[in-house]
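The block underneath contains the structure these notes are about, expressed in structure tokens.
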Amino acid sequence: MSSLEVMTEAEDSGPSGYAAARLLLLNGQEPAGPPRRAALARLTDRWLSALFTAARRDTGVHAAALVAVGGYGRGELSPRSDLDLLLLHDPSADPAAVSALADRVWYPVWDLGLSLDHSVRTVAGARRTAAEDLKAQLGLLDARPVAGDLAQLTALRTAVLADWRNQAHKRLPELGELCRERAARQGELRFLLEPDLKEARGGLRDATALRAVAASWLADAPREGLAEARRTLLDARDALHLTTGRATDRLALQEQDQVAGALGLLDADALLRRLYEAARTVSYASDVTWREVDRVIKARSARSRLSALRRGGRRAGPGRTPLAEGVVEQDGEAVLARTARPERDPVLPLRAAAAAARSALPLSRHAVRRLAAAAPPLPAPWPAEAREAFVVLLGAGAPTVPVWEALEAEGLITRLLPEWERVRCRPQRNAVHTWTVDRHLVETAVRAAALTRRVSRPDLLLVAALLHDIGKGRPGDHSTAGGTIALDMAERMGFDRADATVIAALVRHHLLLAETATRRDLDDPATVRAVAAAVGSTGVLELLHALTEADALATGPAAWSAWRGSLVAELAARAAAVLAGGDPPPREPAALGADQRRLAAEALRTGGPVLSLRAQTPPTGEGAGPEPVGSEPVGSEPVGPGPVGPEPVGVELRIAVPDRPGVLPAAAGVLALHRLTVRAAELRTLEPDDGTDAGAVLVLDWRVAAEYGSLPQAARLRADLVRALDGSLDVPARLAERDAAQPRRRGTKAPPPRVTALPAASRHATVIEVRAQDAPGLLHRIGCALEDAGARVRSAHVSTLGANAVDAFYLTGPGGGPLPEPAAAELARALEERLD
């Protein structure tokens with residue numbers, strides 16, 4: 001059956017015929033995309049027209065029109081879209097008859113279960129509503145006739161457009177503010193793992209807002225790629241509606257593979273990358289358009305003052321301030337000078353970008369387009385001026401980002417750095433990461449710009465920051481692949497072989513300090529010597545330390561903390577001592593902290609566990625630190641919450657217990673029972689340093705956060721820990737009971753756990769590394785397995801990043817030395833099976 005036959009059947013058969021024809025259409029009568037959306041709109045038009053025509057005849061209301069507005073008015077009906085309808089009528093019509101007319105149209109729509117956004121107005125009433133409600137006015141800009149008196153609609157459209165254009169200088173700032181508020185609530189579509197295709201910044205709402213700006217005649221959006229970006233977002237929403245059977249705009253993780261398949265894409269990553277590219281186009285067009293709107297409005301407001309100056313004999317100047325050779329500032333943008341000749345100046349794109357970023361100015365879209373069209377490619381290797389301008393661009397800090405986005409929008413970045421194409425808009429399926437790969441690299445350079453005073457070669461730091469993840473998306477380890485790529489790129493940029501080798505080493509080892517500091521025992525000399533051997537020189541170590549911090553800060557709030565920073569700094573200092581020709585200095589006892597020493601002494605005195613809790617609050621000023629939540633040494637009363645202040649973002653929990661078997665699984669199990677999520681943890685054994693045989697004390701430092709609800713009191717945690725240690729609290733049974741009572745959540749299947757024995761990591765202990773999906777009770781299960789195997793945990797280093805746990809355990813056997821290699825391998829295999 002053809003589309004025309006489907007529509008004719010719908011008209012002849014009433015609601016049931018329309019429903020059947022709609023189903024047939026959505027199941028393949030028309031190609032997906034604009035043809036199907038347009039066909040669905042036409043089909044709906046014919047059905048509603050038949051309803052409206054019959055209702056007008058029966059009610060006697062002839063001076064009326066049925067009008068499609070909003071998305072329906074644009075003919076962009078997705079399978080589960082609302083029908084936005086306006087019933088226009090003459091003010092002289094009988095109200096009862098008009099009400100009956102509306103009911104004859106609305107109720108059949110509701111009976112089919114379709115969502116309906118409806119209103120009944122006169123032309124004057126619609127204008128008044130539009131004047132009071134910006135969203136209503138935006139919907140009316142796309143008004144389209146469905147049936148009835150076209151004169152009514154013509155009068156409305158003429159009036160609404162005239163009102164919109166006359167009031168554009170007032171309404172557009174209001175619209176811009178709505179867009180900014182929505183972006184703050186919904187986030188940037190191009191960086192979200194579960195984006196809202198409509199509401200997130202760069203989504204369909206922003207594309208519609210650009211149409212409204214264009215209709216005002218005050219400014220216009222860049223047209224290149226905008227229609228295709230809009231189509232991409234609409235096609236994805238169509239597939240999402242058909243996949244889920246729901247009117248949803250949020251692309252959840254569990255639906256992405258199905259939506260990708262419906263669109264003929266390889267997988268969910270390919271889908272996200274296409275959506276991110278579309279959102280980037282819309283976002284950049286929005287940036288340019290709203291900047292132009294602001295410029296025009298400010299120019300209009302200043303026109304009278306300029307006229308007065310001219311009348312007074314003072315002539316307004318051209319307002320062009322030189323920034324660099326061939327680059328000037330005009331109207332708050334960096335533009336090309338009149339004497340600029342981009343066709344003869346291959347360095348001009350980088351010089352203009354550097355000048356704009358250094359001056360914290362946007363780079364004019366017209367300038368970028370001219371540079372992209374006319375500037376010849378840079379020679380290889382780049383001349384020194386180009387390399388220096390590139391470093392200036394990277395070192396400008398936050399203003400680098402909009403300038404980089406402008407260059408990327410016109411293809412200049414991939415022309416300069418062809419390797420960038422593989423990381424462009426590449427999603428990172430890790431909740432720790434805030435950005436896509438490409439934006440993370442730029443953000444790392446921004447963070448590194450603030451650290452350049454700490455290093456002797458800031459140019460190498462900035463370039464390494466930009467390239468440190470350039471190997472992502474390629475087979476194998478991205479650090480190893482990235483080091484090879486970065487070496488070639490650095491030499492092409494004009495760095496000599498020695499400097500290019502340093503950049504490559506920084507890229508290859510950019511995870512070394514953070515992973516070692518949080519997952520290895522810094523008391524073990526082998527740990528420090530391995531880092532020193534990998535880095536090779538104090539100069540590289542200095543750069544790597546700054547890169548580590550910049551990378552973590554650009555990753556997201558969960559990737560860096562004062563605690564991680566102190567561990568990395570300590571590791572770097574100890575490695576520097578080795579590189580200077582000495583041995584790793586012993587860790588000072590004072591590094592343990594007065595609180596740890598106090599708790600350890602109290603634990604030895606009482607023979608039981610001692611706890612302290614300290615809330616980690618956002619810094620409020622220089623010297624701001626953790627606030628005490630409560631501490632519970634044995635026999636004292638529980639201490640309540642600390643002073644009123646910023647909301648706690650996490651908790652530092654410290655436990656000291658006389659050394660005995662079962663402490664780690666007991667403590668981890670109690671935390672899981674209290675729904676505390678472990679973000680990081682360290683376990684160490686403290687031997688008495690006073691020459692006595694009082695026995696060792698286990699000190700466990702935890703960084704935890706409440707899964708939901710308020711933080712627990714230290715007294716409750718200690719009481720449960722005492723019961724867990726003496727066996728009166730069956731932690732495994734309680735956790736199993738709770739897990740059985742919770743429904744399983746849908747989601748993507750996590751990769752299986754991986755447990756590895758690392759025989760060369762320490763001479764004093766066997767190191768077992770566990771990589772697994774984080775889950776309540778995971779650390780408890782690991783601790784139980786190690787206890788069952790008879791291994792003693794000398795120290796533990798637990799790190800949770802997003803949904804991934806990476807834990808390292810330093811184990812010794814009954815004699816206090818490392819486990820034999822076969823036993824270590826068997827333990828790793830058994831632990832992996834137990835966690836799977």
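What you see is a predicted model, and the numbers here were worked out from it, not measured in a lab. These numbers come from the heavy atoms of this one structure, side chains and all, not from hydrogens, waters or symmetry mates.
To the nearest 0.5 Å, atoms CG (Leu233) and CG (Leu240) are separated by 12.0 Å. Put simply, CG on Leu567 and OG on Ser561 are 8.0 Å apart, with the number rounded to the nearest 0.5 Å. With rounding to the nearest 0.5 angstrom, the OG atom of Ser359 is 13.0 Å from the CD atom of Glu333. To the nearest 0.5 angstrom, Glu443 atom CD is 7.5 Å from Phe191 atom CZ. Remark: Thr243 OG1 to Glu255 CD distance equals 7.5 Å, nearest 0.5 Å.
With sequence neighbours left out, the side chain to side chain donor-acceptor pair (under 3.5 Å) criterion links Arg508 to no other residue. Residues satisfying the side-chain contact (heavy atoms from CB on, under 4.5 Å) test with Arg180, not counting sequence neighbours, are Glu177. Listed by chain and residue number, nothing satisfies the ring pair (Phe, Tyr, Trp, His ring centres under 6.0 Å) test with Phe495 (two or more places apart in sequence, or in another chain). Remark: Trp560 pairs with no residue by the ring pair (Phe, Tyr, Trp, His ring centres under 6.0 Å) rule, at least two apart or across chains. In this structure His440 satisfies the ring pair (Phe, Tyr, Trp, His ring centres under 6.0 Å) test together with His433, His468, sequence neighbours excluded. With sequence neighbours left out, the side chain to side chain donor-acceptor pair (under 3.5 Å) criterion links Asp294 to no other residue. Judged as a side chain to side chain donor-acceptor pair (under 3.5 Å), and not counting sequence neighbours, Arg273 has no contacts. Listed by chain and residue number, Asp220 satisfy the side chain to side chain donor-acceptor pair (under 3.5 Å) test with Arg223 (two or more places apart in sequence, or in another chain).
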Could you pull out every donor-acceptor pair under 3.5 Å between side chains of residues 482-490 and any protein atom, sequence neighbours left out?
none

Under 3.5 Å, which donor-acceptor pairs do the side chains of residues 370-381 form with other protein atoms, sequence neighbours left out?
| unit_1 | atom_1 | unit_2 | atom_2 | d |
| --- | --- | --- | --- | --- |
| Arg370 | NH2 | Ala340 | O | 3.3 |

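In this structure, Arg497 pairs ionically with Glu491, as a charged nitrogen and a carboxylate oxygen lie closer than 4.0 Å. A salt bridge links Asp438 and Arg280; the closest N-O separation between the charged side-chain nitrogens and carboxylate oxygens is under 4.0 Å. Ion pairing of Glu325 with Arg351 is absent here, as no side-chain N (NZ or NE/NH1/NH2) approaches a carboxylate O to less than 4.0 Å.
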- May I have the step-by-step check of side-chain contact (heavy atoms from CB on, under 4.5 Å) for Arg424 and Ile413, ending in yes or no? CA-CA 10 Å; Arg424 185 173 58 85; Ile413 294 297; over 6 Å; no
- Item | From CA spacing to verdict: side-chain contact (heavy atoms from CB on, under 4.5 Å), Leu466, Leu417 | CA-CA 11 Å; Leu466 183 76; Leu417 309 172; 4.2 Å; yes
- Going through the checks in order, is the side-chain contact (heavy atoms from CB on, under 4.5 Å) test met by Arg341 and Asp345? CA-CA 6 Å; Arg341 296 293 180 267; Asp345 190 352; 5.8 Å; no
- Task: Please lay out, stage by stage, how Met493 and Asp459 fare under the test side-chain contact (heavy atoms from CB on, under 4.5 Å).
- Result: CA-CA 12 Å; Met493 290 176 191; Asp459 55 338; over 6 Å; no
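Between Leu210 and Leu226, the shortest heavy-atom contact is CD1-CD2, 3.9 Å. Closest non-hydrogen pair, Thr400 versus Leu393, comes out as OG1-O, 2.6 Å. Between Val423 and Ile470, the shortest heavy-atom contact is CG1-O, 3.8 Å. Scanning both residues, Val335 and Ala367, for their nearest heavy atoms gives CA-CB, 4.2 Å. Nearest heavy-atom pair, Ala396 versus Pro399, reported as atom, atom and distance to 0.1 Å: O-CD, 3.3 Å. Closest of all the heavy-atom pairs between Leu272 and Gln256 is CD1-OE1, 3.7 Å.
Although no hydrogens or angles enter the test, the distance criterion places a donor-acceptor pair under 3.5 Å between the side chain of Arg387 and the main chain of Gly494. A donor-acceptor contact shorter than 3.5 Å is absent between the side chain of Thr452 and the backbone of Ala448. Judged by distance alone, the side chain of Thr436 and the main-chain N or O of Pro427 form no donor-acceptor pair under 3.5 Å. Panel note: side chain Glu421, backbone Thr414; no donor-acceptor pair is recorded below 3.5 Å. Put simply, the side chain of Gln428 gets close to the backbone of Trp435: a donor and an acceptor are under 3.5 Å apart. Proximity of a side-chain donor or acceptor of Asp257 to a complementary backbone N or O of Asp267 within less than 3.5 Å is not detected. At distances below 3.5 Å, not a single donor-acceptor pair connects side-chain atoms of Tyr284 with backbone N or O atoms of Pro402.
For residues 185-194, every residue pair satisfying the side chain to side chain donor-acceptor pair (under 3.5 Å) rule, not counting sequence neighbours, is listed here: Gln186-Arg250, Glu188-Arg190, Glu188-Arg201, Arg190-Glu405. Among pairs with a residue in residues 329-383, those fulfilling ring-ring contact (aromatic ring centres under 6.0 Å, His included) read Trp382-Phe390, at least two apart in sequence or across chains.
Considering Thr444, Asp469, Thr548 in turn, Asp469 is the only one that fulfils the side chain to side chain donor-acceptor pair (under 3.5 Å) rule with His510.
Within a 6.0 Å sphere centred on CZ of Arg274, other residues, nucleotides and ligands contribute 12 heavy atoms or fewer. The environment of CZ in Arg454 is crowded: more than 12 heavy-atom neighbours from other residues, nucleotides or ligands sit within 6.0 Å.
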